[in-house]
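Counting starts at 1 for both ligands and their atoms, following the listed order. Just so you know, these numbers come straight off a predicted model, no measurement behind them.
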Amino acid sequence: MHCSGKPGVFTWTGTLRTGEHYSTARTQVNMSAPSSSGLEVLLSSLQKAGDIESTLNVLNVLDELLSAGTDRRICYLISKGGSEALLTTLVNTVRSYSQNFTVLLPVLHLLAKVGHRDRRIGEKAEKADAVLLTLTLLRHNMRHGRRAASCLWVIRVFCSSISTATLLGHNGALDVVFNLITPPPAKHTRTVKAAVEVFAALLSSKTNCRMAVGKGYISALLRVYEAWITCLTVQGKLTICQALLRCLHSASRSSMGRRAVVSDGGLHLLYSISQTCLLTKGLESLVEQSVQLMRKSYPRTPLPVPSSLSVYSFCLPGRPADTWKADPGALDGSFENDSDEEHENEETDCHNYEDDLETDLDQLQSRPEPDRTREQLDQYTYLCPEMQHDFQDLDLGSELVKTSDEGGFLNGDLENKTQTCSRAQAHPRESPAPSVQKRLSSPGGGGEQVMGQADGLLQAADVCSQCLWSPVREQEGEDNMVNRLLEQYGASIPYHDPQLYATTAAHTKSIAAFSTLAFPDFWGHLPPQGPEPMETRKPHVQRKKVFEDVCRLLHPEELINKVVFDSEDPSPQCSQDGCLRFFSRFESGNLRKAIHIRTYEYDLILSADVNSSSHSQWFYFEVSRVQASVPYRFNIINCEKSNSQFNYGMQPVLYSVKEALEGRPHWVRAGTEICYYRNWFCLTGGPRGHSFYTLTFTVTFSHEDDVCYVAYHYPYTYTALQTHLQVLARSVDRRKVFFRQQTLCKTLAGNPCPVITITACPSSRAWTHLHQLWNRPCIVLTARVHPGESNASWVMKGSLEFLCSSDPVAESLRQAYVFKIIPMLNPDGVIHGNHRCSLTADDLNRQWQKPSASLSPTVYHTKGLLYYLCSTGRTPLVFCDYHGHSRKKNVFVYGCSVKETLWQSGSSIDTTSLKEDPGYRTVAKTLDRIAPAFSINSCNFLVEKSRASTARVVVWREMGVIRSYTMESSYNGCNQGIYKGLQTGTQELEEMGRMFCQSLLALRKNSITFSSELITHAAAILHLDSSLPDHNSHNCFEEDEPPCAESIEFSSHTDPYTPDEFDAEVNANMSEEEEEEEDKDEPEDSHRQGKSRLFAHVCRKDSLETLTMATNPCNGFDITNAYLS
Ligand SMILES: [Zn+2]
C-alpha cells in the first residue's frame, strides 16, 4: 500500500505500550486536526535534536506510535513530512556521529517502514542525499549481519523509484549487494534474504538489468537458487528460495533478462526443480512461482506464418489493390517485443468505465439531423411490401410467396452502389479454381478418386476423402454423394433441407471461392438430448500444460514440428501414418495452419479477419483420420482476447460425421483440460507488445477413422440462413402469415443481404382490416453484425420460426406488429470465418453514425430503412440487435436511458425534472420473468461514449427509438435460473429468440384482443408485476467471473509484500541478537507481530519524561496536553 500524501483525519484510540521503563499511565493520543501540531513538533524536534539521547527518545515515541497503529497512521506521518524528517535524521546522524548504530539502527528501521508506504520515497531520498550515503553505510558494514540488513531494507525501499535504482546501480550497488547473496550455509540468512530482495528491486531498472546480465549475475542467481533448494529440506529456508525466484522474475521483466535466464539454463533448472518440488509437501509456492517464471522467460517466438495479415485479401471499392487498412505497427520491422512494461491485451475501450459514460446532457438529448436527404429515403418504399400489397390472394386463398424479389427492388442510388460493389475484384492470395459447384468437404482435394465404394454403404471417412459434387442445376449427373447419403441415411431435421443447402451454397460468393461444404452445415444439426453441464476445471491444469510447453524447449528432439495443413499452401498435406488431417476451406472455416507437435498434439493457427492482421478468436475446422480413445491435445495459439469463458467451464463444440450418420446429428460440447492463457508467441512485424493467448483443449474421439468438426460455437453459415429462409417461406400458412423475403442490398462480395417482413394477413380486404394492418407498429430486429457471434443467429432462428408459427402468441404478435428483420448484417464476415469485422476490416457495429454506402452497405441501408420508417410516421416501437458475449454468462440486454446514465456517472445534473418514459425497462422485466436464460441483473441502460456509433445508441439517439437494445447471449451458459451450471445449446438459444418475441406482447397488453387460448399461453407474459424491484445498472465491461484460478497473464511477483509482511521482515531483523547469531529454523510467522522490538535494549529511561524535559515548554510543546491528551 502506498500513501498519496494527502492529509487525512487521523484518530488514534490505541494505547502506548506500558512497561517498567515507561509511564505506567495508559495514555491516549488523539491526532485529529486540532492537535495534529503535536506530530509536526515531534518531527521538527527529531530533525533539530542535538544529541543522541533526545534523538533516540523522539524515535522511540515515533516507533511506539507507528508500530501500534495502522497504515493510516503512517500515511498521516508521511503527509506531515515524516519521510523527510527521517531522511534528514539519517544524514545528520551519519555526518555527526559517523557510524553510531545505536541511533542508526532505529532510524533505518523506521525509515524502511515509513518509506515502504511512501510512493515518493526514492525522490525524497535523492533530494536528501541519503541514497548513496546508505549504500556507503552498507559497504562499511558488510560483515555485520544486522546492520547490513537494515541498510538493505532501506535501499530496497528507495528502489521503488526506478531512477533511484538506476542511480544505485551506477554506483556499484549491484556488486555490493550481490556479495551478500551467498549460497548456504550462510551466517545470517536474513541478510541474504534482504540482499536478494534488494537485488530484485535493483533489477527493476533496465540499465541495472543490463549490467547484471553482463556481469553474469543471472546465471549466478540460478546457481545460488539451486544451492538453496538442495539444502531446503534440511534447513527449511523457503523464503530465501522464494526471494531468489522473485529476483529472477524481476530480471525477466526485460528481454535481456529473459534471454539470460534461458541461455544460462534457467528453464532447465526451474523445470527440474519444479518436478522435484511437486513431490515434496509444502513446496507448492515454489512450483507456482517457477511456472510463472518459465512462462515469462520462454523465448518470444514469431507466430509461424509468413505474415500476420489475413490469408485472403479483398480489394475494396475505390481503393487501389493491395492497400491494406493501416495496421498500427505493421511497418515496425522488429518483432522482438522488448517492452519492459507488462503489456495487457485489454479490450479496446474497457478502462475507466465511469469516464466513458456520456454525461453531456445535450449529447444525451440531442437528435442529430439524418445523414441523408428525404429523397434518398424513397428508395426504401419497396421494403414495406405490406403497405402496397393488395391482398387479392386472400380471396383466392393462394399465391406463391416469392422468396426473393431481387429483380425489381433496386433503384437509383442503391443500384449503383451495389454494382460498384460487385465489380470489386477479389484477390485471393492463392488462386483456387473457382467453382460454382460445392463439394462436400474433401481435404484430400482432387477429384481423381470418385466413388471408391460405389455400391457399399457410405462411411464417415468417405464423406471426407471423396470428391463429391453437389446437385447443382448445371450438373445433375454428379450429385452422387449427396443423393446417396440422403438415400442411405435420410436426414430429417426440422427447417433444414440438405439438398436445398447444397444448391443454395452454390450461390454463396466468397473471395476464397470455397467449393466444398462442411458436413454439419449440409447435413444439419439437432440439439443433443439432455443437459450439457459446464466443464469443471481441474486444479493446476494450466500448470500441466505449461510444463508440456516448456518441454518443447528442453527436448526439441522429441518434437515432430511438421506443418500438416496450410491454407496458403495446399501441398504439405500430411501423408504420414497416424497424423491427423485438417481442413477448413469451407464457409465460416478459418483454420490457417496446423502443426504436428507431438504424436497427439497439434498447434493450430487461425486466420485473421479478412484484410486485417487481428481479431482471431472464432474457429471452425474439420479434422479426420482420427484414432479412437486417444486424447489429442489441440492448441489454438493465436487467440487475442485477454480472457475467455474457456477459463470458466465453457467447451468448444464438436460434430462427428459418424454419429450423424448413425442418427445423432449433434453439435456437442466437448473437450477436457481446457484452459486459456497468454503464450510466448509474438507477431512478425506487428505492433510491439502484442500478445497472443493459447486456448488448449483435449479431445478423445469415440470412433476410429471418424471425420469431425470442431468450432468455437455452433456454426451458422450464410448459406444456412438462406436455406432456412427458403424452408421457412415454404412452411408458413400464407392465409394467415404475411412473409416476405427481400434483398436489402448486396454485400461487398456480392451476396444479397436478406430483409424479412412478417406480419398477419388482414382477415379480409375490408378497409378496416387493411387500415389496422397499416397502423401496426414496427419492430426491427437485426443480428450477426459480428460474424464470430453465431449464437446470435441461433437466437434469430428461434425468433423467425416463432413469428411464422401457429402459436397463439405468435398470431397475436403478428396482429399487433409488423416485423422487419435483417437476420445477418455481416454476411461476408460470416462466410469468410471472420470473428469481428467485415471485408473492410471494420467493426460494422462502430459504423452506424456515418455508415459508408459503398463500404458498409448493409449498415447504410438498414439505417436507411429505419430513417424511412421514421419519415413515414412508423418509428419502430422496438429495435433489437442480437449479439454474443464472450466474457459473461446468461442472456441480457443493453439499452439506453438518460437518467440511468447520469445517475451511474455520478453527474451533478438534477434528474428530477427530466422526463423519461420508463417503458424502456418493460422488455427486460418481462424477459426476466419468462426466459430462463435471461438475467436482468446483467442488463444495463447506460449510454457510453465509446458506443456512440453502435446500432443501439444510434437508433435510440437518431431515430428516437426509446426501446433500442443490444441483446447479448453468452457463448457459455448460465449461472442462475433453471439452466444454472449448464452450457447453452442451440435449443436454449432458439428459445431465447422465441421469448424475446413473446416479451413484446407486454408492450401492447392494453390494445390487443385476447382469446381464451391466448390468455392461457400469455398469462406470464402479460402479468407485469410493477413492483418488481429495479436492479442497478452494471458496468457492461465488468466480468461476472472471479479472477481465474491460474494466472492468464504473465504474473510478475515483483512486490510480494503487504505493508504488514514488510514490517515483519524489518522487525525480525531488528529482533535478532546482534551479529553472531546462528541461523535458526524458525517457524515462518514468528516475527509477524506488529510490535516493534527496536528499543527493547536501547532505551533505558522513561522516554516520554525525557522528551518532555528536553523540550522547551515555552515552544508550546507540552506533550501531556497537546500531544497526548
Ligand atoms: Zn457483438
Engineer: Tell me, which N, O or S atom in H883 is closest to the Zn ion (ligand 1)?
Structural biologist: ND1
Engineer: Which atom name does H786 have for its N/O/S atom nearest to the Zn ion (ligand 1)?
Structural biologist: ND1
Engineer: Do T840 and S838 get their side chains close enough for a donor-acceptor pair, meaning under 3.5 Å?
Structural biologist: yes
Engineer: With a cut-off of 2.8 Å, does any N, O or S atom of E789 fall short of it relative to the Zn ion (ligand 1)?
Structural biologist: yes
Engineer: Would you please say whether a donor-acceptor pair under 3.5 Å links the side chains of S616 and E640?
Structural biologist: yes
Engineer: Report yes or no: does H885 have an N/O/S atom closer than 2.8 Å to the Zn ion (ligand 1)?
Structural biologist: no
Engineer: Measuring only between side-chain heavy atoms, which start at C-beta, is Y971 closer than 4.5 Å to Q645?
Structural biologist: no
Engineer: Mind checking whether F619 and H835 have ring centres under 6.0 Å apart?
Structural biologist: no
